[in-house]
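Working notes for the structure below.
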Amino acid sequence: MKKEGKELLFLVPVCMHNIWGGVKLREDFGYPVEGDGIGECWGVSAHPEGDGTVRDGAYKGRKLSELWAEHPELFGNLQYDRYPLLTKIIDAQDDLSIQVHPDDAYARKNENGSLGKTECWYIMGCKEDATIVIGHNAKDREELKQMVAEGRWQELIREIPIHKGDFIQIDPGTVHAIKADTLILETQQNSAITYRLYDYGRLQNGKPRELHIEKSLDVITVPAKSAEESVESISNLPENTLNQIYTCEKYTVFKMDVNGSAVFEQSYPFLAASVLEGDGSVDGSEVHKGDHFIIPNGYGKVEMNGSMSLILSTVER
């Protein structure tokens, strides 16, 4: 819907097939993707491996990366060399590999100028006794190297309980993995750099998937952040309010639960929004579970109606 020359930018997401993926992204969210093993929906993305397309309106058919390059005013004329974030829904039917990400400096040097990967997860759903891998139990770098070399994975890897509505910040250097039957909304830097530390000995096309042991050992933070500091419940936030749930130098993330009517001012460079559940409208435009859109710079007052939950994100100017 247009409003004083401004327009919501609804995106056609890009879905990915993964060895650990399920079918919820098609069956529960309605994304038109065939086959099983659908692990990821890149909802708001301008990454070369998955560049979202504007669904309708004045910029219909344009890629998000093109809009970023050609219409910087939509994003507050930010001084970033690329759209800085990537928002995705992840449906894990099986366990993901144990991973770690580098920071910007390491990635720039070792990954052809890529950004590093700081990310965070909002738990959209999980089984009753669900756990997630966050952190490790090595007390120093020597013990870490020894445990990896000896394959003492059960001893090394730390699993902690999670529930729907939990929020987890994953700084570079954090050992992490999503476990089976977990649905998350991930907000991350615009990067696909992942170092795989351990993959349970699984085969893909008859061969083990590539591991990145040396790079992982280079970047893993030792000792790990405590389990208590790693997970925060945000399941009882005020309704009809743009609740800031986390901010760091890479992004600021909000949760919004609309029940009836909510109004707020879009005062950020942009807001990337994902509808996690429910239905409603944004300034008269219908929105449904699984929709992803950007509220551009200078949009002004935003009115949302209906019954729905959203995660939104932006960056600093």
Side-chain angles (χ1 to χ4, degrees), residues 1-13 24-25 27-31 41 43-44 52 54-58 74-76 85 87-91 120-126 162-168 182-187 231-247 251-315:
M1 179 176 176
K2 291 192 175 181
K3 172 183 167 181
E4 301 170 3
K6 298 293 180 180
E7 183 177 330
L8 299 173
L9 304 171
F10 285 90
L11 293 163
V12 178
K24 284 180 185 159
L25 293 176
E27 295 183 356
D28 292 2
F29 288 84
Y31 298 128
C41 163
V44 184
V54 180
R55 191 178 75 193
D56 42 36
L74 295 172
F75 309 93
L85 301 180
T87 307
K88 60 175 75 165
I89 297 174
I90 299 178
D91 171 32
C120 60
W121 297 340
Y122 173 77
I123 307 299
M124 297 170 61
C126 59
I162 54 164
H163 307 88
K164 181 180 178 180
D166 283 348
F167 176 83
I168 302 165
T182 307
L183 186 70
I184 73 166
L185 187 287
E186 177 173 292
T187 304
V231 178
E232 177 187 4
S233 174
I234 56 166
S235 55
N236 293 306
L237 297 171
E239 291 183 339
N240 301 324
T241 299
L242 188 65
N243 296 289
Q244 180 177 308
I245 56 175
Y246 190 81
T247 189
Y251 45 67
T252 297
V253 181
F254 307 87
K255 176 86 180 337
M256 188 153 190
D257 296 302
V258 179
N259 185 8
S261 181
V263 178
F264 66 93
E265 192 74 19
Q266 203 307 62
S267 57
Y268 303 95
F270 64 89
L271 279 173
S274 297
V275 183
L276 309 185
E277 52 190 7
D279 301 279
S281 65
V282 182
D283 287 323
S285 293
E286 278 191 20
V287 295
H288 306 282
K289 173 182 175 177
D291 279 344
H292 305 267
F293 58 95
I294 292 173
I295 310 173
N297 183 254
Y299 187 86
K301 187 175 74 171
V302 181
E303 182 174 348
M304 294 187 176
N305 291 280
S307 177
M308 55 186 180
S309 293
L310 304 94
I311 290 282
L312 307 96
S313 55
T314 190
V315 294

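The figures here come from the full heavy-atom set of this structure, side chains too, leaving out hydrogens, waters and symmetry mates.
Here OH of Y122 is found 7.5 Å from OG of S235. Values are rounded to the nearest 0.5 Å. Taking NZ from K289 and CD1 from I89, the interatomic distance works out to 8.5 Å, rounded to the nearest 0.5 Å. Considering CG of D56 and CG of L9, their distance stands at 9.5 Å, rounded to 0.5 Å. The distance from atom CD1 of I162 to atom OG1 of T182, rounded to the nearest 0.5 Å, is 4.5 Å. In this structure, CD1 in I168 is found 10.0 Å from SG in C120, a value given to the nearest 0.5 Å. Of the inter-residue distances, the one linking E303 atom CD with F264 atom CZ reads 11.0 Å to the nearest 0.5 angstrom.
Among residues at least two apart or in separate chains, there is no salt bridge (Lys or Arg N to Asp or Glu O under 4.0 Å) pair with a member in residues 259-274. Residue pairs that meet the salt bridge (Lys or Arg N to Asp or Glu O under 4.0 Å) test with at least one member in residues 266-275, sequence neighbours left out, do not exist here.
The nearest pair of heavy atoms linking E186 to I90 is OE1-CD1, 3.6 Å. Nearest heavy atoms, P296 versus I294: CD-O, 3.5 Å. Counting all heavy atoms, side chain and backbone alike, L11 lies closest to V44 at CD1-CG1, 3.8 Å. Scanning all heavy atoms of the two residues, the minimum distance from Y31 to P13 falls at CE2-CG, 3.7 Å. Taking both residues in full, the closest heavy atoms of L85 and S313 are given as CD1-OG, 3.7 Å, listed atom of the first, atom of the second, then distance. Minimum interatomic distance between N240 and S261 (heavy atoms only, all atoms of both residues): CG-O, 3.4 Å.
A search for side chain to side chain donor-acceptor pair (under 3.5 Å) contacts involving S267 returns nothing, not counting sequence neighbours. Legend: residues meeting salt bridge (Lys or Arg N to Asp or Glu O under 4.0 Å) with K164, ordered by chain and number and at least two apart, are E277. Take K255 and apply the salt bridge (Lys or Arg N to Asp or Glu O under 4.0 Å) test, not counting sequence neighbours, and it matches D257. Judged as a side-chain contact (heavy atoms from CB on, under 4.5 Å), and not counting sequence neighbours, the contacts of D91 are K24, L25, L183. H163 meets the side-chain contact (heavy atoms from CB on, under 4.5 Å) test with D166; sequence neighbours excluded. Residues meeting the side-chain contact (heavy atoms from CB on, under 4.5 Å) test with Q244, sequence neighbours left out: T247, T252, F254. Among residues two or more places apart in sequence or in another chain, the side chain to side chain donor-acceptor pair (under 3.5 Å) test is passed with S307 by none. Applying the side chain to side chain donor-acceptor pair (under 3.5 Å) rule to D28 yields no partners; only residues at least two apart in sequence or on another chain are considered. In this structure F293 satisfies the ring-ring contact (aromatic ring centres under 6.0 Å, His included) test together with F10, sequence neighbours excluded. With sequence neighbours left out, N297 forms a side chain to side chain donor-acceptor pair (under 3.5 Å) with no residue at all.
In this structure, the side chain of E7 engages the main chain of A58 through a donor-acceptor pair within 3.5 Å.
Under the 4.5 Å side-chain criterion, counting only non-hydrogen atoms from C-beta, I245 is in contact with L237. With a 4.5 Å cut-off on side-chain heavy atoms, D291 and R55 count as touching. Using a 4.5 Å cut-off on side-chain heavy atoms (C-beta onward), M308 and D279 make no contact. Contact of the Y299 side chain with the F270 side chain is not registered, since no non-hydrogen atoms from C-beta on lie closer than 4.5 Å. Counting heavy atoms from C-beta on, the side chains of Y268 and L312 never come closer than 4.5 Å.
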Query raised in the report: Are V315 and F75 close enough, and set up right, to give a side-chain contact (heavy atoms from CB on, under 4.5 Å), and what steps lead you there?
Result: CA-CA 10 Å; V315 294; F75 309 93; over 6 Å; no

Report task. Test V302 against V263 for side-chain contact (heavy atoms from CB on, under 4.5 Å), laying out the working first. Result -> CA-CA 6 Å; V302 181; V263 178; over 6 Å; no

